[in-house]
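Atom set for the values below is all heavy atoms of this structure, side chains included, hydrogens, waters and symmetry mates excluded. Every number for a ligand or one of its atoms is a count from 1 in the order of the listing. Keep in mind the model is a prediction, meaning the values are calculated, not measured.
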Amino acid sequence: MNNKPAICLTFDLEEFDLPLEFKQEISPEKQFEVTCSGMALLLPLLEKFNVSSTFFTTANFAQNNKELVKKLVQRHEIASHSFFHSAFETGDLKRSKDLLEEITGSKVTGFRMPRMHAVDHAELLKAGYSYDSSLHPTWIPGRYNHFSKPKTIFRERGLLIFPASVTPLFRSPLFWLSFKNFSSGKYCRWTQKCLSAYGYVNIYLHPWEFADLSAYKLPGYIGKNREVMIKKLETFLSHFNGKADFISIQTLLQSKHEL
Ligand SMILES: [Zn+2]
């Protein structure tokens with residue numbers, strides 16, 4: 001019996017449209033190129049530490065990078081990050097699932113809405129999903145306030161909700177901006193607090209964070225250089241290597257007999 005806690009290290013695999021939020025042009029081709037160059041650094045590191053992740057993938061990215069996504073599914077879970085990162089209509093829930101399943105030949109059970117926006121759970125069930133990971137149960141100024149929502153896995157009607165992890169007491173988020181901006185020591189301590197309290201964590205990063213972003217005028221808290229990010233990830237993976245299992249969300253939910 002394996003009693004190690006589980007780290008679900010998840011990645012939102014999407015077109016790099018962030019410069020548009022900061023009023024900078026970036027072509028669709030370039031958006032894919034930036035993400036793919038981040039993947040080229042990220043994947044060997046995941047392999048080195050025997051990590052299985054969940055990649056919440058936009059159908060748009062998958063459609064334009066089929067071979068990469070086909071390769072990914074051999075080791076990782078592919079879940080849906082909707083069809084496009086910057087536009088949404090309800091039909092995209094099923095359309096993205098169908099297309100990802102067609103490309104990977106594997107069943108897609110999970111969903112995460114771009115930018116952690118709210119999603120209609122009844123529509124997710126109708127589209128055939130089993131779990132949603134769009135809830136960030138904390139307060140992000142200017143974005144959302146989910147401070148009263150559950151911090152751990154729960155079921156709402158037939159749908160499992162796996163919130164992104166926050167620390168037990170102060171709900172400090174383990175999301176990408178914390179990973180990037182806090183020291184590795186502090187981030188590992190926060191992760192350990194969650195593992196001790198819940199037995200698992202749900203962390204989310206983006207492959208484009210491992211790309212060279214120096215050509216874009218992004219705020220300092222976003223545009224860290226890729227070497228720093230690689231070093232931080234390597235430190236994190238080394239720290240928990242042997243102490244926790246790095247598994248996909250699907251594997252965790254199956255092991256808890258909840259999927
Ligand atoms: Zn996203």
Side-chain angles (χ1 to χ4, degrees), residues 8-22 24 26-28 30-39 42-43 46 53-65 68-69 72 76-90 92-93 95-97 99-100 103 108-120 123-124 127 129 131-138 140 142-144 146 161-166 173-181 201-211 213 216 218-219 221-224 226 229 233 248-249:
C8 295
L9 188 58
T10 76
F11 296 91
D12 292 357
L13 181 54
E14 63 207 24
E15 49 277 27
F16 176 63
D17 60 358
L18 193 70
L20 302 176
E21 273 190 45
F22 294 94
Q24 288 164 66
I26 177 167
S27 68
K30 194 73 193 164
Q31 292 179 28
F32 294 132
E33 201 184 300
V34 170
T35 297
C36 288
S37 73
M39 287 292 272
L42 173 63
L43 290 179
L46 298 183
S53 301
T54 299
F55 283 83
F56 289 93
T57 308
T58 64
N60 184 35
F61 181 88
Q63 203 168 27
N64 286 277
N65 297 277
L68 174 61
V69 173
L72 266 187
H76 306 285
E77 174 191 2
I78 301 296
S80 171
H81 197 37
S82 193
F83 209 103
F84 298 103
H85 204 250
S86 288
F88 176 75
E89 55 186 47
T90 303
D92 290 345
L93 298 176
R95 269 195 294 275
S96 63
K97 184 176 188 292
L99 187 69
L100 291 169
I103 292 171
V108 168
T109 54
F111 182 83
R112 177 180 288 154
M113 192 65 135
R115 299 183 175 85
M116 302 301 259
H117 284 172
V119 56
D120 186 327
E123 292 294 343
L124 276 183
Y129 291 97
Y131 78 85
D132 177 43
S133 183
S134 309
L135 174 64
H136 199 194
T138 190
I140 302 294
R143 292 263 180 175
Y144 42 75
H146 296 147
I161 315 295
F162 191 4
S165 291
V166 296
L174 294 190
F175 72 156
W176 62 290
L177 287 172
S178 305
F179 185 88
K180 197 180 282 240
N181 289 298
V201 289
N202 178 3
I203 289 171
Y204 74 98
L205 308 174
H206 308 85
W208 52 255
E209 296 178 68
F210 300 89
L213 303 179
Y216 306 96
L218 300 170
Y221 63 88
I222 293 178
K224 290 270 184 291
R226 52 171 21 189
M229 283 301 288
L233 185 59
S248 69
I249 291 182

> Count up the protein N, O or S atoms sitting under 2.8 Å from the Zn ion (ligand 1), would you?
3
> Measure from the side-chain N and O atoms of N65 to the backbone N and O of L68, and report whether any donor-acceptor pair falls under 3.5 Å.
no
> Is there a donor-acceptor pair closer than 3.5 Å between any side-chain N or O of S133 and the backbone N or O of P163?
no
> With Y216 as reference, evaluate W208, F16, F22 under the ring-ring contact (aromatic ring centres under 6.0 Å, His included) test and give the passing residue.
F16
> Taking E14 first and then R115, would you say they form a salt bridge - that is, a charged N and a carboxylate O separated by under 4.0 Å?
no
> Report yes or no: does S82 contribute a side-chain atom to a donor-acceptor pair with the main-chain N or O of M113 at less than 3.5 Å?
no
> Before you tell me yes or no, could you show the steps for R112 and T10 under side chain to side chain donor-acceptor pair (under 3.5 Å), namely the whole-Å CA-CA distance, both residues' side-chain angles and the distance that decides it to 0.1 Å?
CA-CA 11 Å; R112 177 180 288 154; T10 76; 3.0 Å; yes
